[in-house]
2 protein chains.
Amino acid sequence: MTELEQYIKSYFGVVNSDDLKKIVSLFKLTSIKKGAFLLKAGKHCNNLSFVQLGLLRMFISTDEKEITQWISTKGYFTTDLSSFVFETTSRISIQALTDTEVYSVTKTDYKKIGELVPKWYELEKLFIIRCFIILEERIFSHLSMTAEERYDYFFENNRELFNQVPLQYIASMLGMTPETFSRIRKRKLL
Amino acid sequence: MTELEQYIKSYFGVVNSDDLKKIVSLFKLTSIKKGAFLLKAGKHCNNLSFVQLGLLRMFISTDEKEITQWISTKGYFTTDLSSFVFETTSRISIQALTDTEVYSVTKTDYKKIGELVPKWYELEKLFIIRCFIILEERIFSHLSMTAEERYDYFFENNRELFNQVPLQYIASMLGMTPETFSRIRKRKLL
DNA sequence: GTGATTTCTTGATTTTTGTCAAGAGCAAAA
DNA sequence: TTTTGCTCTTGACAAAAATCAAGAAATCAC
């Protein structure tokens, strides 16, 4: 069983292996070189992608700086949900931090999943609710924690990331400057 | 047409008026006195409620303080989605800030909507995605804005709230102390 | 209306975080 | 290897926001 199948099985709860095969067959493997974009702000996001290998950074450019919203790792989905679903132009860019491989499904093909698997809408809904809850949690971290507490919490749950991506991106994602991040990090070593 | 019907029509896209009537009939009107709880942390959230009249505060209690997550106003839904969907105990409390009336549907009755209206799963999914996007936006505000910028942005879009609820709750919801909120507010008057 | 709460404001102070600038460390490219 | 970028760190300083404490203002209960 591929990781994508495994993921869909565990997160969406699809257990019938014929259904699984049908779903997975709609996804196409694509390679993205380090530094290349899976999605550029201003374009339409036409794909939902599963990261098979590598790392991707989702960010929003403002006048002054780039705000990293999320880092997508192996074994998770990535897309600009807003653009993918409502077919608006994307504010978000998604760029590969390393050579990356993704299984992508176009919006057109994605719709077919619902036709193939009757229970899909329900599963999909539950999946999105889980994503919603993660965001709620993240907002709570900004309302109730200091930069250092957010650092600690993220470090505990994402240790591996710290030696895989430029730390400035993690800093941005946690809502602090690279300098603050660096100082907090130093404190932990002492 | 009641506000609830209006809401379901515009946000969920249900246009057939028979369907609308069926859906709305599953909701029961309840009154909540000022200070009373629609949901208490530690309980199961068994209802999805539409605020017909009044104001409700959603908050999470930590050791030191209460963090206001959201203030639900007339014309919107409120629930602890996590608890409602996955039947976990709720971390969130929902308390009435004024005498309040809500149209509530139990989880059991809510499920019937999907059976009554075939398109419901799709509409519901889109609804949740809109909620997801609002949260994304809110996270972005914490990553890219100062307290004052968050104040300004929220004030522009929610002027009415400022003379309807204790300001400390708005402060908490925007991720700042009441003192900081008060000082920013003063600056705006000068 | 009066007293009791609660909410809001203000000042003084401390802590946290951001900004600017310089340099060190490292890795990729020439 | 040398050069060139990029990333990270560090220090000095400035700004933002939190804390503490007191008092004013508004609201609620009687």
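Letters go in sequence order (proteins before strands), and every chain restarts at 1.
- In this model, no donor atom of one side chain and acceptor atom of the other lie less than 3.5 Å apart for A/Asn47 and A/Ser104.
- Rounding to whole angstrom units, CD of residue B/Glu148 and P of C/dG18 are separated by 16 Å.
- Rounded to a whole Å, the CZ atom of A/Arg187 is 7 Å from the P atom of C/dT17.
- Each of B/Phe181 and A/Glu179 was assigned the nucleotide of DNA chain C with the nearest heavy atom; the assignment lying further toward the 5' end belongs to B/Phe181.
- Whole-Å rounding puts the B/Met145 CE to C/dG18 P distance at 16 Å.
- Taking every side-chain heavy atom of A/Gln168 into account, D/dC8 is the closest of D/dC8, C/dT9, C/dG18.
- Distances from the side chain of B/Arg183 to the nucleotides D/dT10, D/dA18, C/dT9 place D/dA18 closest.
- When the nucleotides C/dG18, D/dT10, C/dC8 are ranked by their closest atom to the side chain of A/Thr180, C/dG18 comes out on top.
- Of all heavy-atom pairs between B/Leu20 and B/Glu5, the closest is CD2-O, 3.7 Å.
- Residue A/Phe37 is found in a hydrophobic cluster whose other members, listed by chain and number, are A/Phe59; membership requires side-chain heavy atoms under 4.5 Å apart, directly or through intermediates.
- Distance A/Met176 CE to C/dT17 C1': 10 Å, rounded to the nearest Å.
- Between the C1' atom of D/dC28 and the CG atom of B/Asp99 lies a distance of 13 Å, rounded to the nearest Å.
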